[in-house]
*Asks:* 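Sharing a structure, written as structure tokens. Questions coming.
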Amino acid sequence: KQKTAYEIRNCDWSSDVCSSDLPPLADATPGAASATGRAAAAAAEDTSLDFSAALRKHADWKRTLRDAAMRGEHVDADSLRRDDCCTVGRWLYGAGKAAHGRRPAFTDLVEVHRRFHEAAGNIAADINRGAVETALAQLGRGTPFATASDEVGTALIRLRDEMKEPDRKSTRLNSSHSSVSRMPSS
């Protein structure tokens, strides 16, 4: 079933662009997107994640939210609160989970990424209510948003580095097999 423009959320778009990749203007919502197109895009989505781009996009939200507050622009708070709409979120709940879901760094990233989007969505809601000073204060140091933002950066780097390491279990198994094969026969 094809959705009407009123039923589409930013995270329904069939391209790689998602709510966390876009400016928060309400008039940036597309006219329509087909469910078939979204399914095809999801199926074709790469199993890897561009960690550098992910770090930049999440760091850019501070500037984007500050600009929206200062200009009185509407922000899609509901989509922003969803941690499964942005490129990182789609990867975390899709290909990333399948490939790396058992890694401790992956589990940590899922949690801090969720907190980041929750805090960003709360700020967006304040902006939409016209509580500019409250929204700007929530972007400062030591706030849930700032803490979650820092933690997302740290967790992304930790997971990236952990993914570069060979699987320790298979490395141990391979080394034990190779030592057995080097034993002299009797």
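Since the structure is predicted, the reported quantities are computational estimates derived from the model, not experimental observations. The analysis underlying the following values was restricted to heavy atoms, covering all of them including side chains, and did not include hydrogens, waters or symmetry mates.
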*Asks:* Between H100 and F106, what is the shortest heavy-atom contact and its length?
*Replies:*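 Closest pair (atom of H100, atom of F106, distance): O-CB, 3.2 Å.
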
*Asks:* Check whether any side-chain heavy atom of V75 lies under 4.5 Å from a side-chain heavy atom of T64, and answer yes or no.
*Replies:* no

*Asks:* Looking at CG of D108 and NE2 of H113, how far apart are the two atoms once the value is rounded to the nearest 0.5 Å?
*Replies:* 14.0 Å

*Asks:* Which heavy atom in A105 sits nearest to a heavy atom in E162, and how many Å separate them?
*Replies:* CB-OE1, 3.3 Å

*Asks:* Please check if the side chain of S79 supplies one atom and the backbone of D76 the other of a donor-acceptor pair under 3.5 Å.
*Replies:* no

*Asks:* Grab the two heavy atoms, one from G121 and one from A77, that are nearest each other, plus how far apart they are.
*Replies:*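 Result for this residue pair: O-CB, 3.7 Å.
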
*Asks:* Taking all heavy atoms of A119 and all of P144, pick out the closest pair and write down the distance.
*Replies:* CB-C, 4.1 Å

*Asks:* Does D67 have any salt bridge (Lys or Arg N to Asp or Glu O under 4.0 Å) partners at least two apart in sequence or in another chain, and if so, which?
*Replies:* R63

*Asks:* What distance separates L156 CG from D161 CG, expressed to the nearest 0.5 Å?
*Replies:* 11.0 Å

*Asks:* To the nearest 0.5 Å, tell me how far L159 CG sits from T107 OG1.
*Replies:* 9.5 Å

*Asks:* Report yes if some heavy atom in the side chain of M70 is under 4.5 Å from a heavy atom in the side chain of L136; otherwise report no.
*Replies:* yes

*Asks:* Any side-chain heavy-atom pair from M163 and F51 closer than 4.5 angstrom?
*Replies:*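 In short, these two side chains touch, coming nearer than 4.5 Å.
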
*Asks:* How close do I157 and L55 get, heavy atom to heavy atom, and via which atoms?
*Replies:* CG1-CD1, 4.1 Å

*Asks:* Rounded to the nearest 0.5 Å, what separation is found between the CD1 atom of I123 and the CG atom of N128?
*Replies:* 12.0 Å

*Asks:* Considering only NZ, NE, NH1 and NH2 on the basic side and carboxylate oxygens on the acidic side, decide whether D84 and R90 come within less than 4.0 Å.
*Replies:* no

*Asks:* Do K97 and L92 touch side chain to side chain, with heavy atoms closer than 4.5 Å?
*Replies:*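 No. Closest side-chain heavy atoms not under 4.5 Å.
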
*Asks:* Mind telling me whether H117 and H58 have parallel, tilted or perpendicular rings, with 30° and 60° as the class edges?
*Replies:*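 H58 vs H117 ring planes: perpendicular.
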
*Asks:* Can you name the salt bridge (Lys or Arg N to Asp or Glu O under 4.0 Å) partners of R114, sequence neighbours left out?
*Replies:* E111, E118

*Asks:* Please find the pair of heavy atoms, one from A135 and one from I127, that lie closest to each other, and give the distance.
*Replies:* CB-CG1, 3.6 Å

*Asks:* Distance check, rounded to the nearest 0.5 Å: D150 atom CG versus R141 atom CZ?
*Replies:* 9.5 Å

*Asks:* Contact between W61 and L80 at the side-chain level, heavy atoms closer than 4.5 Å - yes or no?
*Replies:*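 SC-SC contact between W61 and L80 confirmed.
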
*Asks:* Would a 4.5 Å heavy-atom cut-off, applied to side chains only, mark K57 and T87 as touching?
*Replies:*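 Contact flag for K57/T87 side chains = yes.
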
*Asks:* Between D78 and R81, does at least one N-O distance fall below 4.0 Å, as a salt bridge requires?
*Replies:*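 Looking at D78 and R81, the cut-off is met.
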
*Asks:* Quick test of your reading: applying ring pair (Phe, Tyr, Trp, His ring centres under 6.0 Å), list the pairs with at least one residue in residues 139-160, sequence neighbours left out, ordered by first then second residue.
*Replies:* F116-F145

*Asks:* Assess the residue pair T154 and V112 against the criterion (side-chain contact (heavy atoms from CB on, under 4.5 Å)); give the C-alpha distance rounded to whole Å, side-chain angles, the decisive distance to 0.1 Å, and a yes or no.
*Replies:* CA-CA 10 Å; T154 300; V112 298; over 6 Å; no

